[in-house]
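Since the structure comes first, as C-alpha cells, the remarks are kept for the end.
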Amino acid sequence: MAYWLMKSEPDTFSIDDLARRPGKTEPWDGVRNYQARNHMRAMAVGDQVFFYHSSCAEPAIVGTMRVCADAAPDAAQFDPKSPYYDPASKPDAPRWFAVKVRYERTLKKPLTLSALRLHADKLPGFQLLMRGSRLSVLPVSDEHWDYIMNLTRAKDTL
DNA sequence: GCCAACGTTGGC
DNA sequence: GCCAACGTTGGC
C-alpha cells in the first residue's frame, strides 16, 4: 500500500463536499498535468491519500481518503461543456485519467501548511514543502505519512 | 492582485 | 531539439 496527497481548491471541491457525496466517493477528475496523472495511474485500490485544501485562506491538510477505484479515463476531457475539456484528447487514446476516492476522515483541526513547514527538517524531500512545487497529486513516503499522522495526533486534531 | 516557479506550445 | 512566449498554480 502506498500513500499520496491530492490538492483541491475548497471553493471548487472541499472535503465537506466529498463527505456529502453518495457513498462518500468521487472520481478525482480535472487533473491536467502529466506528472500528476502518472501519479494517479500508479495508485492502487486501498492506497491512502491526504486531502489538501489549496488556493485558500489557510492551505492545509484537512483529512484523509482512500483510493477505491484504479485510474480510468476522465470523462470530462471529452465533454466540450466541461471546464476540463481537452479537444486534443481522443476517446481511442485518452490523455487524462482519474482514480476514484472514498472519504475517510476529517481532521478536527486542519494541519496547516505553515504548521507543516515548522517540521520541514523532519520531512526531507516531502514535495509539498519543496520550493516551486505545485503538483496537485504527489507521493508521500511511509515515513512522512507516519510522521504527519503522529503530528495530527500530537495536536489532538484527529 | 502580485509574482515566482513551473509546464506547455509552437516557430525555427 | 532549442527556447521564447504564454498560461497556470498557488502562496502570500
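Excluded from the calculations below are hydrogen atoms, water molecules and symmetry mates; all remaining heavy atoms, backbone and side chain alike, are included. Predicted, not measured: the structure shown is a model, and the values here were computed from it. Chain letters run A, B, ... following the sequence lines, proteins first and then strands; every chain starts at 1.
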Determine, for A/Arg32 against A/Asp74, whether the closest basic-nitrogen to carboxylate-oxygen distance falls under 4.0 angstrom. yes
Output yes when A/Asp86 and A/Arg95 qualify as a salt bridge under the 4.0 Å nitrogen-oxygen rule, no when they do not. yes
Ring centres under 6.0 Å, that's the criterion: do A/Trp28 and A/Phe51 meet it?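 Yes, ring centres under 6.0 Å apart.
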Using a heavy-atom cut-off of 4.0 Å across all strands, would you classify A/Gln35 as base, sugar-phosphate, or nothing? sugar-phosphate
Could you check whether A/Arg32 gets within reach of a base, just the sugar-phosphate, or nothing at all, counting any heavy atom under 4.0 Å? nothing
Note: chain A reaches DNA chain B at heavy-atom distances under 4.0 Å over the stretch, first to last nt, 5' to 3', of B/dA5 to B/dT8
Cut-off 3.5 Å, no hydrogens considered: what does the side-chain donor-acceptor table look like for residues 1-10 of chain A, sequence neighbours left out?
unit_1 : atom_1 : unit_2   : atom_2 : d
A/Trp4 : NE1    : A/Asp47  : OD2    : 2.9
A/Lys7 : NZ     : A/Leu135 : O      : 3.1
A/Ser8 : OG     : A/Phe13  : O      : 2.5

Pair A/Arg105, A/Thr64: side-chain N/O donor-acceptor within cut-off below 3.5 Å: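 The answer is yes; a qualifying pair exists.
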